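Report on one structure; see the data block that follows.
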There are 2 protein chains.
Amino acid sequence: MTKTIEDFKKILQEKNIRLSHQRLKVLEYLVQNKTHPSVDDIYINLQKDLPSLSKATVYNTLNMLEEVGLVNVLTIEDNENHYEITSKNHGHFKCTSCKKIYDFTLDVEEIKSTDLADFEIKERDVYFRGLCPECLDSDQDSSDK
Amino acid sequence: MTKTIEDFKKILQEKNIRLSHQRLKVLEYLVQNKTHPSVDDIYINLQKDLPSLSKATVYNTLNMLEEVGLVNVLTIEDNENHYEITSKNHGHFKCTSCKKIYDFTLDVEEIKSTDLADFEIKERDVYFRGLCPECLDSDQDSSDK
DNA sequence: TTCTTAATTTATAATCATTATAATTTAATA
DNA sequence: TATTAAATTATAATGATTATAAATTAAGAA
């Protein structure tokens, strides 16, 4: 079910998109880090292996991967985009305290509204915000004092 | 059900928030324009009546109104925030062709996931993207030629 | 394997939304 | 009407993202 780097290579080759080292590294980072990283997260981490990496390349790569549908952009924050490998049936929860973004199981295809009968829906994002269990716990701690 | 400017005045006064001319104009604009305007939309339109208006005031006002819960921020676009008077039970659809944002009826409180049992959910946004009926029609037209 | 070339990467500047700062103005109360 | 803390304004600063142009490289051809 989950795609490997080899699967992604095939898909890009079929679309005549060059398999540059940088592109594969960005893809690999997203495959291995299911943390919805920002451009900066990806850039800073990949720089360890690729000191010459440019932030513009990270942007270019992510934009290209989004256009071909392999990557999904999260606009759950108002100042910075976050990225993930495209995958179905989940929503996103952002903890307003620790800023972490969590996936949660949800059949987004099941969300219907008669108002949209004549619309063509191509993307569905469900964004929840609030406090995650960890932050709820530490709130508890501090109120105990 | 729908709040008037007078209702908003009362709410702000109870919170000891000053009823400046600029703040009331921004609120009035949002009440009268259910178009999910951006800061620029609001700024450009209010300038006609308030030539001295500063964009920083529009930002300050919207941030304050969001903090007290009267206004909701939409991060459906990745480059620019959009604003609306807080109201329940609807999702948002953004047409990727004409860029218009539509409301659609949806009971967002009914969206559940067992994964979130231990989370405290404070905000729920449902963002769909695709083509609106008008843009689907004009696609039709152009393919007829 | 080497050569060729268009595509990609890089460094950098530019752009645009948003926030910060400090001086000026004003709402609300005495 | 006077007082004053809060709000507004003009402007600069910040930070994410995109544009530009020169240098590098992937991939196929020789």
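First the proteins, then the strands, lettered A, B, ... as listed; each starts at 1. Remember, it's a predicted structure, so these values are computed and weren't measured experimentally. Keep in mind that the numbers below use all heavy atoms, side chains included, and drop hydrogens, waters and symmetry copies.
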field: Contact nearer the 5' end of DNA chain C, comparing B:V39 with B:R18
entry: B:V39
- prompt: Closest nucleotide of DNA chain C for A:S54 versus for B:Q13: which of these residues is on the 5' side?
  reply: A:S54
field: 5'-most by nearest nucleotide on DNA chain D - A:I17 or A:Y83
entry: A:Y83
message: Counting the atoms with a prime plus P, OP1 and OP2 as sugar-phosphate, which does B:S20 contact under 4.0 Å by heavy atoms, base, sugar-phosphate, or nothing?
response: sugar-phosphate
task: Select base, sugar-phosphate, or nothing to describe what B:N79 touches, counting heavy atoms under 4.0 Å on all strands.
output: sugar-phosphate
Between atom [atom1] in [X] and atom [atom2] in [N], what is the gap in whole Å?
X     : N      : atom1 : atom2 : value
B:D41 : C:dT18 : CG    : C1'   : 16 Å
A:L62 : D:dA16 : CG    : P     : 15 Å
B:N60 : C:dT21 : CG    : C1'   : 12 Å
A:Y43 : D:dA16 : OH    : P     : 13 Å
A:K25 : C:dT9  : NZ    : C1'   : 16 Å
A:E67 : D:dT18 : CD    : P     : 11 Å
B:Q47 : D:dT9  : CD    : P     : 10 Å
B:M64 : D:dT8  : CE    : C1'   : 13 Å

Given [N], is OP1 or OP2 found less than 4.0 Å from the side-chain N or O atoms of [X]?
X     : N      : result
B:Q22 : D:dT9  : yes
B:Y59 : C:dT18 : yes
A:R23 : D:dA26 : no
A:N63 : D:dT18 : yes
B:N81 : C:dT18 : yes

message: Minimum heavy-atom separation for A:E80 and A:D40, please, with both atom names.
response: OE2-CB, 4.3 Å
task: Please report the closest heavy-atom contact between A:D118 and B:P133, naming both atoms and the distance.
output: O-CG, 3.3 Å
field: Candidates D:dT8, D:dT11, D:dA27 - which lies nearest the side chain of A:L19
entry: D:dA27
query: Of the nucleotides D:dA16, D:dA27, C:dT10, which one has an atom closest to the side chain of A:S52?
result: C:dT10
Short question: side chain of [X], backbone of [Y] - any donor-acceptor pair under 3.5 Å?
X      : Y      : answer
A:D107 : A:E109 : yes
A:R124 : B:Y127 : no
A:R23  : A:R18  : yes

